[in-house]
Peer 1: 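Take this structure, written in C-alpha cells, and hold onto it; I'll ask about it next.
None of the values given here were measured: they were computed from a predicted structure.
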Amino acid sequence: TLPRAARLFTSVRSIQYGAAPVVSRMAQSLSRRSYASGSLPEYELVEMPALSPTMEQGNIIEWLKAEGDEISAGDAVAEIETDKAKLSFESQEDGYLAKILLPAGTEGVNVGVPIFVMVADADDVAAFKDFTVDGAAAPAPAAAPAEAPAESAPAASTPTPAPAAAATNAGGRVFASPLAKKTAAENNVDLSGIQGSGPNNRIVAADVNSAKGAAAAPVQAVASTPKPAAAPAAPRPAPIFAAGDSMFEDIPNSNIRKTIARRLTESKQSIPHYYLSTECRIDTLMAMRQKLNAEEVAQGEYKLSVNDFLIKASAASMSKVPEVNSAWMEDFVRQYHNVDVSVAVSTDTGLITPIVKNAHAKGLSHISNEVKELAGRAKAGGLRPEEFQGGTFTISNLGMFGVSQFTAIINPPQSCILSVGTTMQKVLPAREGTVAMKNKKDALAEAGFTDKQIDSIFNISPAVEVSNVMTVTLGCDHRVVDGAVGAQWLKVFKQNIENPARLIL
C-alpha cells in the first residue's frame, strides 16, 4: 500500500500501474508537504504529479476546482497535459482548495513543483489569499504592474529593464512558450518587457495575459485626459508573412506531438528496420464477416470489421512464431507470453495506440466491442495511461483512406509493426476447389480432354478469378527478428487471414 502522502492524488479514474518502479515514481511525484507557521494555519503543498512513467513536465490545461471549493475524495481537480495525453487527476482525500499557485495555461511545469495549496478547514482558506511560495508563480504578483500606471500614465511608456533581462539572453532572444508568443502576437503585446514566471524565467501565456491587462489601464487614463497627444503605443509585432506575401501560421506543438516526434525519430534512427510484404486474398474472410454480422444473435451485440480479424489473426500467429512477440532490452530479448495488440488511432492531438490486452485469448466479438470502446475514448481524450502505454505488437491500418501499401515505423520497445493497406480487386489464378477452377475443368472434360491433357492445359493457361486482395507489410527490428523469422510469421498470418476458420482452433 502506498503511503498516505502518495495516495493524495492519482490520475483519472484511479490509475493503477502494474510495474513496481512506476508505482514508486508515482509515490515520489504525488507526495505532499505539510507546513505550519505562526501566521498561517497548517497547510499542504500539492506538487505537479508524474502522470506517466516518462513525464518530466506538464501543462495545466484547466482547473476544475476554484479557490475555496471543497474537495472530496474522487473529485477531479485539474486537467493536465502530459507527454502522452491530456488527463485529469483526482483527489483521494477531503479538504479545501486554499490557493492556486499556477494558473490555467501555465506550460512546462516540472514534476515536483507546487501547484496549489490544500487545507483541512474552510475557515483557513482566507488566510492564503496572498500566499506565494518559491518555485511557484501566483497570479497576484503578475498583476502588480497594473497599479503604477494608473497613477501616472507616462510610466507605461517606459519599460522596466529588470523583467526584460529575466526572459532575454545576451543576444536579445526572448524565451517564451509557443502559446505565449501566439497570445502576444494576437494582442500586440511586447514580450521584451514581460517578466517570465515559468521555468528558468520563461514567459508563459499567463504572463502575457497579465501584461495585456496591465497595458489597458494607461490607455484609458490617457483617453480621459484632454491632452493633444496620447502616450505612444506599445510596438506592434511584425506581421507574419512568407516570401511572395503568402501568409502562414505557426501552430504550437503540444506535449503529445513533441513526444510522438521524439519517439519516432529515435525509433527510425536507432532501430534497424526491414520490411516484408505479402498479398492476402480475403474473399473467404469477407464472406464469413458478412454471415456473422447478419446472424440474429449479432444484432445489437457486435458488428465485426476487417480490423477485428486482423487483430485476432496477428495474435493467433504469435503462438506459432513467438519470436515476433518480443522486445529489445539491450542485454537481453524479452519474449512475452501474452499478446497485447496496440491499434493505431488518429486523434485531433496526434497518434495514439490503445491496447487490446490478451488478444490471443479473446474472441472476435469481444475484440470488436473493445476496439470500438477504446477508439471512442481515445478520440475524446479519455484513455487512462495503462490503456495506451505498453503493448507487444502494433497494427496500423490506412486501408480506409485508399492507401494500397505503406511501411510504418516500429513503436519501441516493440519489435514489429504490421502496416495494412486497402482491399483491391485483382485477377489471379483460380485456387483449387473454386468455382472458376471447377467450371474450366468441366468445360474441358465435356470437350473430350483427358485428365492428363487438362492438367497440361492448366499448366499453360490456368483458370483465373477476380479476388479481393489486401497488401500487408511487416516492419521488423533486425536486432530481434531475423528475416527468416519475420517471413515465417507473415506466412502463418497469411494462412490465418485467407482461411479465418483457423482462428477458432
Side-chain angles (χ1 to χ4, degrees), residues 260 264 267-268 271-290 293 303-317 321 324 341-347 350-354 356 359 364 367-368 371-372 375 378-379 391 393-411 414-431 434 436 462-478 481 483 486-500 502-503:
I260 292 172
L264 294 184
S267 174
K268 200 63 176 176
I271 296 178
H273 288 62
Y274 72 90
Y275 298 97
L276 303 170
S277 297
T278 190
E279 291 184 343
C280 302
R281 299 189 188 192
I282 62 170
D283 301 279
T284 305
L285 184 152
M286 293 177 69
M288 176 181 285
R289 170 178 171 263
Q290 184 177 12
N293 285 338
K303 186 176 181 179
L304 301 180
S305 68
V306 173
N307 218 43
D308 301 328
F309 284 88
L310 295 174
I311 295 170
K312 182 61 179 178
S314 297
S317 302
V321 191
V324 170
V341 179
S342 303
V343 182
V345 175
S346 178
T347 70
L351 189 69
I352 194 167
T353 53
V356 180
L364 284 168
I367 290 174
S368 179
V371 168
K372 289 181 177 64
K379 293 179 179 179
F393 183 82
T394 297
I395 295 177
S396 180
N397 189 347
L398 294 181
M400 67 285 296
F401 300 108
V403 176
S404 58
Q405 182 180 1
F406 69 104
T407 54
I409 301 175
I410 294 172
N411 183 22
Q414 298 175 13
S415 296
C416 293
I417 184 169
L418 187 69
S419 309
V420 182
T422 191
T423 300
M424 303 176 67
Q425 288 193 332
K426 293 187 176 183
V427 177
L428 299 172
R431 291 163 294 177
T434 61
V464 296
E465 62 179 349
V466 177
S467 291
N468 291 291
V469 177
M470 171 188 291
T471 300
V472 296
T473 301
L474 181 67
C476 303
D477 181 348
H478 214 319
V481 180
Q488 291 171 13
W489 185 92
L490 204 57
K491 179 181 178 180
V492 175
F493 174 83
K494 179 182 173 75
Q495 292 171 346
N496 288 333
I497 286 295
E498 294 188 343
N499 186 10
R502 292 166 54 100
L503 300 178

Peer 1: Can you see which heavy atom on Ala487 is nearest to which on Leu276, and at what distance?
Peer 2: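 What the structure gives for the nearest pair is N-CD1, 3.4 Å.
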Peer 1: Checking side-chain polar atoms at under 3.5 Å, does Gln405 have a donor or acceptor matched by the opposite partner on Ser277?
Peer 2: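 Yes, side-chain donor-acceptor contact under 3.5 Å.
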Peer 1: Tell me every residue that passes side chain to side chain contact (heavy atoms under 4.5 Å, CB included) with Lys303, counting only those two or more places apart in sequence or in another chain.
Peer 2: Asn293
Peer 1: Would you say the side chains of Asp308 and Ser368 form a donor-acceptor pair under 3.5 Å?
Peer 2: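 Judged by distance alone, the side chains do pair up.
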Peer 1: Go through the structure and list residues passing ring pair (Phe, Tyr, Trp, His ring centres under 6.0 Å) with Phe406, not counting sequence neighbours.
Peer 2: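 Expected list: none.
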Peer 1: So, Arg281 side chain and Asn468 main chain: donor-acceptor pair closer than 3.5 Å or not?
Peer 2: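 Side chain of Arg281 to backbone of Asn468: no pair is present.
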Peer 1: Kindly compute the distance separating OG1 (Thr284) from CG (Asn499), expressed to the nearest 0.5 Å.
Peer 2: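 The distance works out to 7.0 Å.
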Peer 1: Can you check side-chain contact (heavy atoms from CB on, under 4.5 Å) on Val472 and Cys280, steps first, answer last?
Peer 2: CA-CA 8 Å; Val472 296; Cys280 302; 4.1 Å; yes
Peer 1: Got a list of side-chain donor-acceptor pairs under 3.5 Å for residues 417-425, not counting sequence neighbours?
Peer 2:
from: Ser419; atom 1: OG; to: Ala408; atom 2: N; distance (Å): 2.9
from: Thr422; atom 1: OG1; to: Gly399; atom 2: O; distance (Å): 3.2

Peer 1: Without swapping roles, check the side chain of Lys494 against the backbone of Glu279 for a donor-acceptor pair under 3.5 Å.
Peer 2: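 Yes.
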Peer 1: Set out, in order, the CA-CA distance, both residues' side-chain angles and the distance that settles side-chain contact (heavy atoms from CB on, under 4.5 Å) for Ser314 and Trp489, then state yes or no.
Peer 2: CA-CA 9 Å; Ser314 297; Trp489 185 92; 4.1 Å; yes
Peer 1: Could you give the distance from NZ (Lys491) to CD (Gln495), rounded to the nearest 0.5 Å?
Peer 2: 6.0 Å
Peer 1: Which distance, rounded to the nearest 0.5 Å, do you find between the CD of Gln488 and the OG of Ser317?
Peer 2: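 The distance works out to 12.0 Å.
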